[in-house]
> 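First the structure, which I've put down as structure tokens, then a few questions once you've had a look.
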Amino acid sequence: MSLTLLNVIVAVVIAIAFAAANAAYLVWAERRGAARIQRRPGPNINGPFGLLQPPLDGIKLMTKQLMIPGGADKILFMVAPVLAMAPAIMSFVTIPFSQGIAAHNMEIGVLMIFAFASMGAMATLFAGWGSRNKYAVMASVRAVSQNVSYEIPMLITAITVVMATGSMDLKTISLAQAGGFWHWNIFPSLHSPLMPISFIIFFICSLAETNRAPFDLGEAESELVAGFHTEYGSMGFGLFFMGEYANIVVGASLTTILFLGGWDCPFGIFPGVWWFLLKIYILIATFIWIRWTFPRTTIYGLLNLSWKILIPISLFNLLLTAGLLKVF
Amino acid sequence: MGGYFSEIFYGSKSLLIGMGITFREFFKPTVTVQYPYQTIKMSAKFRGHTELIADEEGKPKCGVCGLCERACPSSCITLGSISVDIEVDGKVKKKKVLSKYELDFTKCSLCGQCVENCSFGALEFSKEYNLASTRKEDFHFNLLKRLEERNA
Ligand code: SF4
Ligand code: SF4
């Protein structure tokens, strides 16, 4: 019993450390990457290549006063940032990084991650509703309708994979794809010829679920000041910020496990956790690349994309995969 | 139905083209100037605050005619002069010499009237642009003193 408890504590500490380190340095990577795309060097003053920027930003945020606006709903206002960060960290607990590296493997890992991911939408809703600010309310209304409409195609594609693999256990799903890239779920001849498209749909949905540009309507600066975190300063804002990046890592990990074979090496050499890390960081780099390429969509464009394109196609692939599984 | 798929196709294609462009930009060298570590040379037409031009001896070319003071639409020039005795061909003559040239840069619109009206060609625009300050007094320039500092 005590050993299990110790295990859990160690796992949670490692998950928090991993999430926080990733969040801090992904901000740096994002700023450097954005700068390169815009032909400027980005943060380069503090430390070599600006590598001391994230801790210094952290110190700056932590030394600021945490203000609660008058008339705000105190409880919701305080709970929201925590709720933005905590689910992402909880999701790390069940993600298998490699055969032996998983804090706690669960039979229903996919379900658990999706359950926690939907709590992220709650954080946005609470933050917007609790801060008694028109912009924030508008932003959270948008964010929630966005989350609702993108969760559907995301879940449908996830169900397609779960159906093909026959398991909700992330580790089993990864192991089922072992043995080179032609065994990965994304490979068209394996389950269904539409699988690469499902992968793209899943990727688009994880962009939208993490409220990343071009789907960052919840914090559209041009019309809503800063969106749902308009009233947040100090570490409250810091938590939202870190939560966003932690969610990106979760999204990339989930995409890797469901479609890209988890820690499996594409050519069967040097198996190990680095393949998993390589894959998630390539996906994250694509997230950053996309953010700095495309302008923000409108809310109508966003909902149309989901309801008119992503949902029909993912549903079609679900039926096709089911049919093919039955026939072969 | 065909329109639906062609819209998806051309939409995705344009997105990929956009990503291709940013991918190429990523590897190009940066073009920004790392101010304050680097500065750029200001262009020939750049107008900073006005500056007195010195003659060969390092004295201002100004003949204290007062045209610039009168031409200035913002009244930001204050002149002062003293008479000094100078020897020309063995005779002692009196000559007006500039003793004060104050420019109130807080009011100057950089219109250039002073520079254009000066028949002695004694004024020019400087290339100074690092002029940030929190005190108004820092923008009351004593151009005569600046000239001496430049000579030194
Ligand atoms: S530039 Fe124009 S405003 Fe400025 S000192 Fe000369 S005449 Fe006056
Ligand atoms: S117009 Fe030229 S010469 Fe006349 S006072 Fe002004 S600077 Fe001196």
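A note on names: the letters A, B, ... follow the listed sequences, proteins ahead of strands, and every chain is numbered from 1.
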> Could you pull out the closest heavy-atom pair between Pro312(A) and Tyr4(B), with the gap in Å?
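Heavy atoms of Pro312(A) and Tyr4(B) come nearest at CG-OH, 4.2 Å.
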> Could you look at Glu7(B) and say if it's the side chain, the backbone, both or neither that has a heavy atom under 4.5 Å from chain A?
neither
> What distance do Ser12(B) atom OG and Ile309(A) atom CD1 have between them, rounded to the nearest 0.5 Å?
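Output value for this atom pair is 8.0 Å.
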> Considering only heavy atoms and a distance below 4.5 Å, find which of Gly18(B), Pro29(B), Gly11(B) pairs most often with chain A.
Pro29(B)
> Around Lys100(B), counting heavy atoms of other residues, nucleotides and ligands shown, do more than 12 lie under 6.0 Å from its NZ?
yes
> What I want to check is whether the side chains of Thr22(B) and Trp289(A) have a donor and an acceptor closer together than 3.5 Å.
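Yes - a donor-acceptor pair under 3.5 Å links their side chains.
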> Select one option (side chain, backbone, both, neither) describing which atoms of Leu15(B) are under 4.5 Å from chain A's heavy atoms.
both
> Please classify the contact of Ile204(A) with chain B as side chain, backbone, both or neither, using a heavy-atom distance under 4.5 Å.
neither
> Is there a side chain to side chain contact (heavy atoms under 4.5 Å, CB included) between Ile37(A) and Phe23(B)? Walk through the geometry before answering.
CA-CA 7 Å; Ile37(A) 286 173; Phe23(B) 188 76; over 6 Å; no
> So, do Arg40(A) and Val31(B) sit near enough that their side-chain heavy atoms are less than 4.5 Å apart?
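A side-chain contact is absent here, since even the closest heavy-atom pair is not under 4.5 Å.
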> For atom NZ of Lys127(B), is the number of surrounding heavy atoms from other residues, nucleotides or ligands below 6.0 Å larger than 12?
yes
> Determine whether Thr32(B) and Arg39(A) satisfy the following criterion, side chain to side chain contact (heavy atoms under 4.5 Å, CB included), listing intermediate values before the conclusion.
CA-CA 7 Å; Thr32(B) 47; Arg39(A) 312 270 313 263; over 6 Å; no
> Kindly say whether Lys28(B) contributes a backbone atom to a donor-acceptor pair with the side chain of Arg36(A) at under 3.5 angstrom?
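Yes; judged by distance alone, with no hydrogens or angles, the pair exists.
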> Answer yes or no: does atom OH of Tyr129(B) have more than 12 heavy-atom neighbours from other residues, nucleotides or ligands under 6.0 Å?
yes
> What part of Phe27(B) lies closer than 4.5 angstrom to a heavy atom of chain A: side chain, backbone, both or neither?
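Backbone only.
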> Using a 6.0 Å cut-off, check whether atom CZ of Phe114(A) has over 12 heavy atoms from anything other than its own residue.
yes
> Taking the side chain as every heavy atom from C-beta outward, state whether Gln34(B) and Asn44(A) have any atom pair closer than 4.5 Å.
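Gln34(B) vs Asn44(A): side chains touch.
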> Need one label for Pro295(A): side chain, backbone, both or neither, based on atoms under 4.5 Å from any heavy atom in chain B.
neither
> Taking all non-hydrogen atoms of both residues, which atom of Tyr37(B) and which atom of Ile45(A) are closest, and how far apart?
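Looking at all heavy atoms of both residues, the closest pair is CE1-CD1, 3.5 Å.
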> Mind checking the CD1-OG1 spacing from Ile21(B) to Thr293(A)? Nearest 0.5 Å is all I need.
9.0 Å
